[in-house]
Number of protein chains: 2
Amino acid sequence: MPKVVDHEQRRARLVEAVWALAIQSGLEGVTLRRVAAEAGVSMGQVQHYYPSMRELVRDALDRAVRALNAKIEASIGAVGAASPEVVLRECLHAVIALDDESVRLTRFALAVLGRTMSDPAMTPVLAPGDDELLAFTAGLITAARSERGSPLRGGERMDADISWSVATSLGVDIAIGHRSAEAARSLLDHHIERLLGPRRGEETG
Amino acid sequence: MPKVVDHEQRRARLVEAVWALAIQSGLEGVTLRRVAAEAGVSMGQVQHYYPSMRELVRDALDRAVRALNAKIEASIGAVGAASPEVVLRECLHAVIALDDESVRLTRFALAVLGRTMSDPAMTPVLAPGDDELLAFTAGLITAARSERGSPLRGGERMDADISWSVATSLGVDIAIGHRSAEAARSLLDHHIERLLGPRRGEETG
DNA sequence: CCTAATACAATGCAAACGCATTGCATCCTT
DNA sequence: AAGGATGCAATGCGTTTGCATTGTATTAGG
């Protein structure tokens with residue numbers, strides 16, 4: 001019965017505005033009026049789609065995290081069937097191979113993290129790797145090691161956990177400008193090399 | 001000529017109030033009036049010691065970072081002269097051995113990080129390990145490895161960089177409640193073990 | 001065509017904000 | 001004792017905030 005519009009598109013536009021504002025002037029710079037202005041719509045429209053500021057930011061964070069995950073999963077899926085080592089490398093590198101959009105999203109997520117801590121309802125969305133992901137990664141490490149002929153020592157699960165920590169930490173460093181992408185990449189390569197150990201027959205000293 | 005008071009104590013009290021407010025309700029919850037109330041003083045006093053909100057938060061961040069570093073350096077200094085491996089372990093563990101106060105400070109620093117990105121004047125205070133620290137740590141790693149009789153492969157500088165990333169990343173995880181202290185500790189131990197390699201004569205597989 | 005529901009747009013409002021100003025009490029200096 | 005600098009308390013101001021309310025245009029169903 002009403003005017004028919006694309007709700008999804010409206011929300012996406014508003015959230016986009018929130019991202020832009022938060023990145024350029026901090027989360028404190030995100031107000032209903034400014035979001036409306038940035039999106040080029042009226043304040044009434046913002047209120048129509050989000051009952052409160054809180055909900056707006058919440059959805060913006062939610063969409064940012066989803067978008068980031070989607071990008072990572074896409075680049076992982078792109079490698080297709082390959083050796084465990086290649087897949088592992090792609091997984092970890094995907095986290096730090098941030099295009100401009102990903103940097104924006106990461107920065108936004110980081111900006112929200114501060115507020116997040118005092119708002120338990122928002123926390124879960126930023127939780128670290130789940131059990132499933134760690135188990136999968138541990139499997140990759142095990143396979144890659146045995147493929148290299150490198151000795152297994154157990155603790156691959158911990159190795160996986162640490163590797164994700166390293167990758168995300170480097171990703172954050174890139175996003176906030178504390179590291180260049182190349183520096184992060186070579187660090188991650190170094191980590192993976194140490195992680196998988198020497199190839200069969202390779203000298204170690 | 002004026003009333004004589006302990007300026008340092010006043011500022012410390014105000015900054016303490018900022019920390020408390022920021023942790024419990026986010027940085028947005030830090031206002032001049034609330035800081036005054038939390039510190040149990042008048043708003044006039046807050047203004048007297050800090051010309052603007054910005055300066056207040058800036059000093060609060062500065063003091064938080066200093067306090068954190070002081071704690072870490074203290075626990076490192078406590079080990080005195082010891083083997084490189086012991087010193088190295090202490091250095092890295094110091095970052096994740098957070099007492100309640102350190103957790104508060106870390107959380108605060110994290111809360112400010114969001115705003116920081118849009119305020120370049122504040123950024124440097126949160127910069128990662130400097131060259132000096134990395135060189136020192138790389139030296140420890142080299143020494144610890146040779147003490148173990150573990151082969152050197154070069155790249156100790158990168159190993160040092162990665163190790164600090166792991167430690168700080170774990171520290172952050174603890175502070176925001178994504179990991180327990182024990183879990184972080186065993187992960188860090190695992191990392192160090194892999195980092196230093198097998199002891200002479202030890203089986204690897 | 002009529003009606004009701006929807007999608008806004010416009011405006012209003014109380015609260016809260018940072019900061020400026022003012023006034024007074026205190027204490028050292030002379 | 002006088003005087004001036006300082007430490008603060010109190011209050012006021014103009015702006016901005018999130019949100020509520022109200023009004024209006026649009027369109028599907030009857």
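Basis for what follows: all heavy atoms, side chains included, without hydrogens, waters or symmetry-related copies.
Contact between Lys71(A) and Ser102(A) at its shortest, heavy atoms only, is CD-OG, 3.2 Å.
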Please tabulate the protein-to-nucleotide N/O contacts below 3.5 Å involving nucleotides 12-17 of chain D, giving atom names and distances.
none

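Because its NZ or CZ atom is not both nearer than 6.0 Å to the ring centre of Phe108(B) and within 45° of the ring axis, Arg63(B) does not count as a cation-pi partner of that residue. The cationic atom of Arg11(B) (NZ for Lys, CZ for Arg) lies less than 6.0 Å from the six-membered ring centre of Tyr50(B) and within 45° of the ring axis.
Between Arg54(B) atom CZ and dC19(C) atom C1' the separation is 15 Å, expressed in whole Å. The CG-C1' distance, from Asp6(A) to dT6(C), rounds to 16 Å in whole Å. At whole-Å resolution of the value, CZ in Arg13(B) and P in dC8(D) are 10 Å apart. In this structure, Glu8(B) atom CD and dG7(D) atom C1' are separated by 17 Å, rounded to whole Å. The distance from atom CG of Leu14(A) to atom C1' of dA7(C) is 13 Å, rounded to the nearest whole Å. Rounded to an integer number of Å, the gap from Tyr49(B) OH to dT6(D) P is 13 Å. Regarding Leu56(B), its CG atom lies at a distance of 13 Å from the C1' atom of dC19(C), rounded to whole Å. To the nearest angstrom, C1' of dG18(C) lies 14 Å from CD of Glu55(B).
Under 4.0 Å is where a charged nitrogen must lie from a carboxylate oxygen, and between Arg66(A) and Asp62(A) at least one such pair does. Of the charged side-chain nitrogens involved, at least one lies within less than 4.0 Å of a carboxylate oxygen, so that Arg148(B) and Glu193(B) count as a salt-bridged pair. Salt-bridge formation is detected for the pair Arg157(B)/Asp131(B): a Lys NZ or Arg NE/NH1/NH2 atom is positioned less than 4.0 Å from an Asp or Glu carboxylate oxygen.
Put simply, Arg10(B) has a side-chain N or O that comes within less than 4.0 Å of OP1 or OP2 on dC8(D). The phosphate of dA7(C) (OP1 or OP2) has no side-chain N or O of Gln45(A) nearer than 4.0 angstrom. Between His7(B) and dT6(D) there is no side-chain N or O to OP1 or OP2 distance below 4.0 Å.
Both Ser42(A) and Pro51(B) sit near DNA chain C, but only Ser42(A) has its closest nucleotide nearer the 5' end.
In this structure, Leu88(A) CG and Leu92(A) CG are separated by 5.0 Å, a value rounded to the nearest 0.5 Å.
If you check distances only, the side chain of Gln47(A) does reach the base of dA20(D) with a donor-acceptor pair under 3.5 Å.
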